[in-house]
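The analysis underlying the following values was restricted to heavy atoms, covering all of them including side chains, and did not include hydrogens, waters or symmetry mates. Please read all numbers here as calculations on a predicted model, not as lab measurements.
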Amino acid sequence: MRILKIAYFEIKQMYRRWYVFWLASLVFMYYSFYTGNHGEGILLEVILFYLNFFAIISILISYASVSRTFAITKSVVDVIFMTEIDPLEYVIARSIATGLVYPMLFLVLTVFAVRPGLDIIYYVASLLLMSGFIVIFITNVQLSPWRIKLPLSIPILIILSISLFKPRLSPFYGLISPSPIYVVYALALFVLALFTIPKQYIRELYTNAYGLLNFRSTLEPRQTGKGKLIKTISFPRTQWGVIWFTSAYAVNVRSGARSNVLKRVTLISVSFAIPYCVVSSIIRGMTYQLITSALSFYLIYLMLYSVLSTTISNERLWLSLSTDPYCYFKYRMGARTIMTTMALIPWVAAYAVQSVFFKPALFLAMALVSVIMTMPVLGWLIAAYIGIPQVRELQLPQRDVVYSLRMYLVFAMLVVTLGIYMAPYALAVVATLYPVLTVLWLISAAFAAIILTSSATFFYYAIFSRRSQAMWAWLVNRLSENGYV
């Protein structure tokens, strides 16, 4: 009960009432639309597909370092310092509060499939166990080091990926077809999540987050006056050089060391793009080419947005804007665009190679070029509008992210822009399925050219045009309202 009380307190702090209301309303409208147009049988398959896909995206996003950063906030650390709350209890309670969207989504999407009788008991058991598994497991992945993160999550990702094509292997199948077998399946996953909680790391993290206690710590707080010296890197002398250096090299506040983020991200992108090229050249059939290309683009788009938007939390207004604010934003966005280009070039090449076997994939490569020119700027504007909190001392956010109506507006904007980017691809797919409609190829090419031109115009406006000063002034004012210093 104590955990539930803490979770209730956290929910009141994190969520606005309108957020919960609109979530239920949007999901209900989604259900009504598909029921009216496709029938309940196809609807269940679509819902199961999206549940698996949503779980995959959630786990992959938890890989990002920013996800781990926002799992621990200064306010929570202070609460644990000043009270006798067990850090493990608090983490579980926060996991329930942060993951509130999962049980709500599972319930609203699948409750209509329940039939009277024992199915209700099996359904409730599967719903509670799967919600608990997803909530705790994602927190475990966020907080665990890489040597544990990958072995822990890869088997689950493989199961969920196979479930996209073999629905009965999915642990979520018990939500649309309740049975004792899937209750046991969900229970096994829930027990796995409980046993893989990094208990020792959590207790140390929340009781020694500032590195003040004098005992050997896996967090490796900064040591001064003794031990090994931290290798420092000299900063460039020009303003562009400093901005590029701080963009490409991330600093670990606890150790003082800097790591080459650009190199790391590029290697990760290449390591996924090469297998994708191999798979896309091996598989045959329109359906499989369509699924792999579309899903990969969705994942890239969402992962890119989550990373590019949250990096604004590390900004220091008093330092960044001490000279020429316009010049600073111009250089910073230029550096972010170059880094995004380096990260996405492997995927542009991958889609170009896939277009040899599946011609519509070429339009995904063109869409990524448009994304490169717009997302680095839009990511910060969106983050400022939502109210991403600033990360200050020892990489601790000052507060939690508040889930409000702004989240829905941003989500709607992301869905619309994603639809615009993929429209030429969708038209090309239709033209491939129906060769008679060859005119759609010309429309796709024209639409893609318009999108590229519009993206290039926005890129020029944001980085090179003096008229963008009003946009950057709004960004600075919004960050100040959010508590940035």
Side-chain angles (χ1 to χ4, degrees), residues 29-30 33-34 36-38 42 45-46 49-50 53 164 273 276-277 279-281 283-305 308 337 340-341 343-379 381-382 409-462:
M29 288 188 290
Y30 174 85
F33 171 78
Y34 268 97
N37 290 274
H38 302 287
I42 298 179
E45 297 179 2
V46 172
F49 179 89
Y50 276 109
F53 186 64
L164 294 175
Y276 177 83
C277 280
V279 172
S280 62
S281 61
I283 61 176
R284 291 293 181 265
M286 179 72 174
T287 302
Y288 292 113
Q289 292 281 3
L290 175 62
I291 292 175
T292 54
S293 58
L295 291 186
S296 62
F297 188 84
Y298 289 153
L299 288 173
I300 293 171
Y301 186 81
L302 293 175
M303 289 288 289
L304 188 67
Y305 160 72
L308 289 179
T337 303
T340 306
T341 303
L344 292 185
I345 277 179
W347 283 98
V348 174
Y351 287 132
V353 171
Q354 187 183 13
S355 66
V356 176
F357 312 96
F358 181 60
K359 291 183 179 180
L362 181 62
F363 291 101
L364 293 181
M366 299 172 67
L368 282 185
V369 175
S370 298
V371 169
I372 289 172
M373 292 187 287
T374 56
M375 187 57 75
V377 177
L378 289 178
L381 297 177
I382 290 171
L409 298 178
V410 169
F411 177 75
M413 189 275 292
L414 289 176
V415 171
V416 171
T417 54
L418 179 62
I420 293 174
Y421 288 137
M422 295 197 69
Y425 166 79
L427 293 174
V429 169
V430 175
T432 304
L433 291 173
Y434 303 98
V436 179
L437 302 175
T438 54
V439 68
L440 290 181
W441 286 106
L442 297 176
I443 298 176
S444 300
F447 200 177
I450 293 174
I451 295 173
L452 284 171
T453 304
S454 302
S455 300
T457 303
F458 176 78
F459 178 76
Y460 174 82
Y461 165 78

Taking the side chain as C-beta and beyond, is there a heavy-atom pair between [X] and [Y] under 4.5 Å?
X: F358; Y: S280; value: no
X: T432; Y: L290; value: no
X: M366; Y: P424; value: no

Check your understanding: Could you go step by step and tell me if L295 and F49 meet the side chain to side chain contact (heavy atoms under 4.5 Å, CB included) rule?
Key -> CA-CA 11 Å; L295 291 186; F49 179 89; 3.9 Å; yes
Review point. Considering the options F458, Y461, F459, which one meets the side chain to side chain contact (heavy atoms under 4.5 Å, CB included) requirement together with V377?
Key: F458
Please find the pair of heavy atoms, one from [X] and one from [Y], that lie closest to each other, and give the distance.
X: L414; Y: Y301; result: O-OH, 3.6 Å
X: I372; Y: T337; result: O-CG2, 3.8 Å
X: A350; Y: A273; result: CB-O, 4.1 Å
X: Y421; Y: S370; result: CE2-CB, 3.7 Å
X: T340; Y: P376; result: OG1-CG, 3.6 Å

Check your understanding: Between F447 and F363, does a side chain to side chain contact (heavy atoms under 4.5 Å, CB included) hold up when you go through it step by step?
Key -> CA-CA 10 Å; F447 200 177; F363 291 101; over 6 Å; no
Review point. Which class fits the ring pair F297 and Y351: parallel under 30°, tilted 30 to 60°, perpendicular over 60°?
Key: tilted
Check your understanding: For residues T417 and Y305, is any side-chain donor paired with an opposing acceptor at under 3.5 Å?
Key -> no
Review point. Does OH in Y460 sit with more than 12 non-hydrogen atoms of other residues, nucleotides or ligands closer than 6.0 Å?
Key: no
Practice item. Output, in order, the C-alpha distance, side-chain angles, deciding distance and verdict of side chain to side chain contact (heavy atoms under 4.5 Å, CB included) for Q354 and L364. Key: CA-CA 10 Å; Q354 187 183 13; L364 293 181; 5.5 Å; no
Review point. W441 and K359: side chain to side chain contact (heavy atoms under 4.5 Å, CB included), yes or no, with the steps?
Key: CA-CA 10 Å; W441 286 106; K359 291 183 179 180; 3.7 Å; yes
